[in-house]
Protein chains: 2
Amino acid sequence: MATPRRVSMADVARLAGVSSQTVSRVSTGSPDVVDSTREQVLAAMRELGYRPNSAARALKLGAFRTIGVILFSLASTGNSRTLEAIAAQAAHEGYAITLIPLAVPTQDSVLGAFTRLGELAVDGIIVIMEVHLLDAATVPLPPNVQVVVADSNGGDLYSVVDSDQVDGARQAVTHLLDLGHRTVWHVTGPEDSFASNRRADAWRQTLAAAGRPAPPLLHGDWSAESGYRAGQLLADEPGCTAVFAANDQMALGILRALHERGKRVPHDVSVVGFDDVPEAASFIPPLTTVHQDFAEVGRRCVQGVLRQIERGTHETGTTLVPTRLVVRASTAAAPPS
Amino acid sequence: MATPRRVSMADVARLAGVSSQTVSRVSTGSPDVVDSTREQVLAAMRELGYRPNSAARALKLGAFRTIGVILFSLASTGNSRTLEAIAAQAAHEGYAITLIPLAVPTQDSVLGAFTRLGELAVDGIIVIMEVHLLDAATVPLPPNVQVVVADSNGGDLYSVVDSDQVDGARQAVTHLLDLGHRTVWHVTGPEDSFASNRRADAWRQTLAAAGRPAPPLLHGDWSAESGYRAGQLLADEPGCTAVFAANDQMALGILRALHERGKRVPHDVSVVGFDDVPEAASFIPPLTTVHQDFAEVGRRCVQGVLRQIERGTHETGTTLVPTRLVVRASTAAAPPS
DNA sequence: CGCGCCGATGTTTACGTAAACATTCGTGCC
DNA sequence: GGCACGAATGTTTACGTAAACATCGGCGCG
């Protein structure tokens, strides 16, 4: 177990017959090294199996080429996919990702995560979470660390990247109205979710703009089970011919409830979801839903942080990634009344 | 933008009127500091907002309290959930997670990831991936970095943690046979997946042990769409009354195909899945499936790496996490023939 | 032909921490 | 009461890197 001391620049320098500073120059890609010397150094590196030590580099530079990602749960498709895109884009830019999962979504734990990331000397932070848990006044962030927030509400304090929830919901509702449905019922997500609230707001406004009455809101919690319960209620509403669910899981539950109660989709009731999870195309029937481009959200998060890191500026404002309605087989013209 | 130089131990020491070494002792929790002094130092830390610099600490100690996680995709529920558990457990043990996503699952890219993690001075590595991509002979791992592999085949070279695929598949098939089905069809995952292969092997062996003929294998790729295609074939097989799908997504596709062809589940055909994704309970009908405890897999991965890190030993062998059949409404007694 | 400039490389230093070693001081024991 | 010991704290040093500064040598130009 005797750890054979790591190969350092000094070792490489000795073998190559140059100073360690020249090795450093080669390592950082400085142009001030003549080709022949560079070759010699590279050869020595190869021979010794030299790996730069990022700890020493970080100590010297005060930066790690690392982005911290704080999130609460990976259980949702959206978070997973966003994280995956973040990781991929960061890797592409030569940055590593340090993941801080939060056991509970409280402000205290977010604070703790910021603290830990501060110690870890990350260059930037991406928070995948509702922003109401953040409060700039109490968060002791190192001043040179930049933050981008995904899946959140306001871009007042931080730079925010999000899917265009409002337009997605609008497309969904409009689609149903265009099919001749008199109005559209809505099953919403948890009350403390901004994404859920924005979708509900857009649903209400779209109905209002079309001069249609808004049926009472049904409350779910993103889970298929909660959608199932809502679906049972909807099945008993004789006037309900169109439902917009705030996500695909709840839509799945609604489909099952309607099926069990003998309501045919889309013949009797049309259903639209939100997210476009890969399985949505295989629901019974294949689900019409609003596609979110999580990969793009992740990419823009990384680009946003890196831009701020490079420029040393702090940005605010919201970047919206377009959503689009994917029409499948769960929606059809309203039944003749 | 003038970066106000970070607070260092020296600053704290000056304010507290002690040497920086004493600050270091307090910071590392050494017992050789008298309480009154410790209090003074802690007060100074609070006042200045001191944060230990993990880069310097890592440089000094040669270790980071960081675990690297290499994985190919987060798209699958299993990987996401496993990663989440890994992150949670690691955080609990005071370790950070550095995520390296692989764009392509080739040996070269795994090698590159190892190299990067080597530079990042991680203490251990967890690989969530098929192990056939690893080849100890060619992977230049720092000798003091420990590796644990999840979701893989052999524990010859590394310590492996996996769900008990074999027992899960056995339970699924046995359940169907016990219901009176003459035999069980199987829709398998991608050919290069060990998990998929093990489930298929166990399926075959369980049938053989029961003296039943094994129908031809149907090949899928984990996706619901591939399950749908397999389901279309199965719907045309008059003798097919029971199907075991290698994951829940494919089971979903099968359910849709059977539904479209007028086969009733479970009345005409019973279907069992694998994974127990949260939505499985809301499929039409609710899916009987094999539950995997991804959280436990993640936990054991972390525990395995940390144990090796602490002891400085290299372990091999496989740890199996139990799986269990969850019976819902997609399976029933075989129809009278 | 000599001077100055610039490109290539070497030397020094600092980053923040913790181990190793040094020092101080009080206490107990002979 | 002096001496040895050990607990508490201070001093020195090294970890590996890269910036800042120093040096060296060659080449162009007057």
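Residue numbers start from 1 in every chain, and the chains themselves are labelled A, B, ... in the order their sequence lines are given, proteins ahead of strands. It should be emphasised that the depicted structure is a prediction, and the values quoted were computed from it without experimental measurement.
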Would you check, one step at a time, whether the test salt bridge (Lys or Arg N to Asp or Glu O under 4.0 Å) holds for Glu310(A) with Arg307(A)?
-> CA-CA 5 Å; Glu310(A) 277 170 25; Arg307(A) 192 172 51 239; over 6 Å; no
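For the pair Leu61(B) CG and dA19(C) P, the computed distance is 6 Å after rounding to whole Å. One atom, CE of Met9(B), and another, P of dA14(C), lie 18 Å apart when rounded to the nearest Å. As a whole-Å value, the separation of Arg65(B) CZ from dA18(C) C1' is 15 Å. Rounded to an integer number of Å, the gap from CZ of Arg57(B) to P of dT17(C) is 8 Å. The nearest whole Å value for the distance from the CG atom in Asp11(A) to the C1' atom in dT17(D) is 13 Å.
The side chain of Lys60(B) has dA19(C) as its nearest neighbour among dG10(C), dA19(C), dT17(D). Minimum atom distance to the side chain of Ser24(B) is reached by dA18(C), of the listed dG10(D), dG16(D), dA18(C). Considering only side-chain atoms of Pro52(B), the nucleotide from dA18(D), dT17(C), dG16(D) that sits closest is dT17(C).
Nearest-nucleotide positions on DNA chain C place Leu59(B) closer to the 5' end than the other of Leu59(B) and Gln21(B).
Of the residues in residues 26-49 of chain B, those placing a heavy atom less than 4.0 Å from an atom of DNA chain D are Asp32(B), Val33(B), Val34(B), Thr37(B), in numerical order.
You won't find any donor-acceptor pair under 3.5 Å spanning the side chain of Arg51(B) and the base of dG16(C), going by distance alone.
Listed for the Thr28(B) side chain is a donor-acceptor partner under 3.5 Å among the backbone atoms of Arg25(B).
Atom OG of Ser73(A) is separated from atom CD of Glu84(B) by 4.5 Å, given to the nearest 0.5 angstrom. Distance check: Leu74(A) CG to Thr77(B) OG1 gives 11.5 Å after rounding to the nearest 0.5 Å.
Between Arg25(A) and the phosphate of dT9(C), there is no side-chain N or O to OP1/OP2 separation shorter than 4.0 Å.
Considering Val305(A), Thr66(A), Leu306(A) as possible partners of Tyr95(A), the one that fulfils the side-chain contact (heavy atoms from CB on, under 4.5 Å) test is Leu306(A).
Backbone-only engagement by Val18(A) is indicated by non-hydrogen atom pairs under 4.0 Å involving sugar-phosphate atoms exclusively.
Between the side chains of Gln292(A) and Ser163(A), at least one donor N or O sits under 3.5 Å from an acceptor N or O.
Looking only at side-chain heavy atoms (C-beta outward), Asp162(B) and Val321(B) stay at 4.5 Å or farther from each other.
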